[in-house]
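These numbers come from a predicted model, not from an experiment. Reckoned from all heavy atoms, side chains included, excluding hydrogens, waters and symmetry mates.
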Amino acid sequence: MPTAARLAAAVSFAIFGWYMAEVVTPFYPQENPPSFLIALTIALGVLCGWTVYGNRAGRGYIASIGTGLTAAIIFGFWTLLFVGFYEMIDRSLRRFYDGPMEALVEMFGLMADIGWTLAESPVVISLLVGGIIAALFAEYFAKRYP
């Protein structure tokens, strides 16, 4: 059921997703991330805010920090999964793989490679602190507009 807390969480995590797309752009080769990265991170931010954090809003500011970290980590996982899937599809259309199983296994390898590339301190700190700030913003609205 839609609530003010879910809407605030969706908006705050959408802003968080946009910010994360801007943070990771310099870490891509030649600062050339996938063209859909900003749209993907905003959409995943809305989904993580609405479903992951929105269900747990209103339990207090201390609990919101943990829930915000959970939502941020889930956001990061799904972003890596979609970007790895995109890279796998791009390579498979160029006939890089011998079969579909090799492509699926390589997708998780691509996820790991992209994750290790982005595992720099500014990205990790932005992911964790941004998740906490977005959660505190949503918690504020959950307390004010139940």
Side-chain angles (χ1 to χ4, degrees), residues 1-59 61 63-142:
M1 178 194 259
T3 61
R6 282 187 175 213
L7 179 63
V11 170
S12 65
F13 277 92
I15 294 169
F16 164 70
W18 169 78
Y19 175 73
M20 286 307 299
E22 295 297 325
V23 167
V24 301
T25 298
F27 294 97
Y28 275 93
Q30 301 172 356
E31 294 187 9
N32 190 17
S35 60
F36 62 89
L37 186 65
I38 292 175
L40 173 72
T41 56
I42 290 173
L44 287 175
V46 168
L47 287 174
C48 285
W50 187 272
T51 59
V52 176
Y53 186 81
N55 287 338
R56 296 167 184 87
R59 296 182 182 174
Y61 288 103
S64 71
I65 292 172
T67 308
L69 289 174
T70 302
I73 291 170
I74 290 171
F75 166 82
F77 171 77
W78 281 105
T79 304
L80 286 176
L81 182 74
F82 279 110
V83 171
F85 180 74
Y86 171 78
E87 290 292 326
M88 182 267 300
I89 292 294
D90 186 43
R91 290 182 181 191
S92 66
L93 290 175
R94 289 185 277 140
R95 301 194 183 269
F96 189 75
Y97 306 115
D98 292 331
M101 285 307 294
E102 182 182 352
L104 285 175
V105 169
E106 182 67 19
M107 180 182 76
F108 292 104
L110 289 169
M111 278 178 59
D113 291 342
I114 295 167
W116 282 114
T117 302
L118 298 178
E120 300 288 332
S121 62
V123 175
V124 173
I125 290 171
S126 294
L127 182 73
L128 299 177
V129 172
I132 291 171
I133 291 171
L136 291 175
F137 176 78
E139 185 66 25
Y140 173 80
F141 277 92

Considering non-hydrogen atoms only, spot the tightest contact between Val46 and Ala14 and give its length. CG2-CB, 3.5 Å
Test your reading of the model: is there a side-chain donor-acceptor pair from Thr67 to the backbone of Ser64, 3.5 Å cut-off? no
I want to check something: taking the side chain as every heavy atom from C-beta on, are Met111 and Val83 in contact at a cut-off of under 4.5 Å? no
Distance check, rounded to the nearest 0.5 Å: Ile133 atom CD1 versus Leu128 atom CG? 11.0 Å
Output for pair (Ile65 CD1, Thr70 OG1), nearest 0.5 Å, gives 12.0 Å
To the nearest 0.5 Å, tell me how far Trp78 CH2 sits from Leu44 CG. 8.5 Å
Quick check for you: to the nearest 0.5 Å, what is the distance between Ile114 atom CD1 and Glu87 atom CD? 5.5 Å
Side-chain touch Arg91/Leu110, heavy atoms, less than 4.5 angstrom: yes
Using side-chain heavy atoms (C-beta onward) and a distance below 4.5 Å, is Thr79 in contact with Val24? no
All heavy atoms of Val123 vs all of Met20, minimum pair found to be O-CE, 3.7 Å
Under 3.5 Å, is there a donor-acceptor pair between the side chain of Glu139 and the main chain of Ala57? no
Closest non-hydrogen atom pair, Ala138 against Ala5: CB-O, 4.3 Å
Classify the angle between the aromatic ring planes of Phe16 and Phe13 as parallel (below 30°), tilted (30 to 60°) or perpendicular (above 60°). perpendicular
If you measure from CG on Leu127 to OH on Tyr19, what distance do you get to the nearest 0.5 Å? 11.0 Å
Any donor-acceptor pair under 3.5 Å from Tyr97 side chain to Glu102 backbone: no
Ring pair (Phe, Tyr, Trp, His ring centres under 6.0 Å) contacts touching residues 27-52 (sequence neighbours left out): Phe36-Tyr86
Any side-chain heavy atom of Trp18 within less than 4.5 Å of one from Thr41? no
With Val105, which residues qualify under side-chain contact (heavy atoms from CB on, under 4.5 Å), at least two apart? none
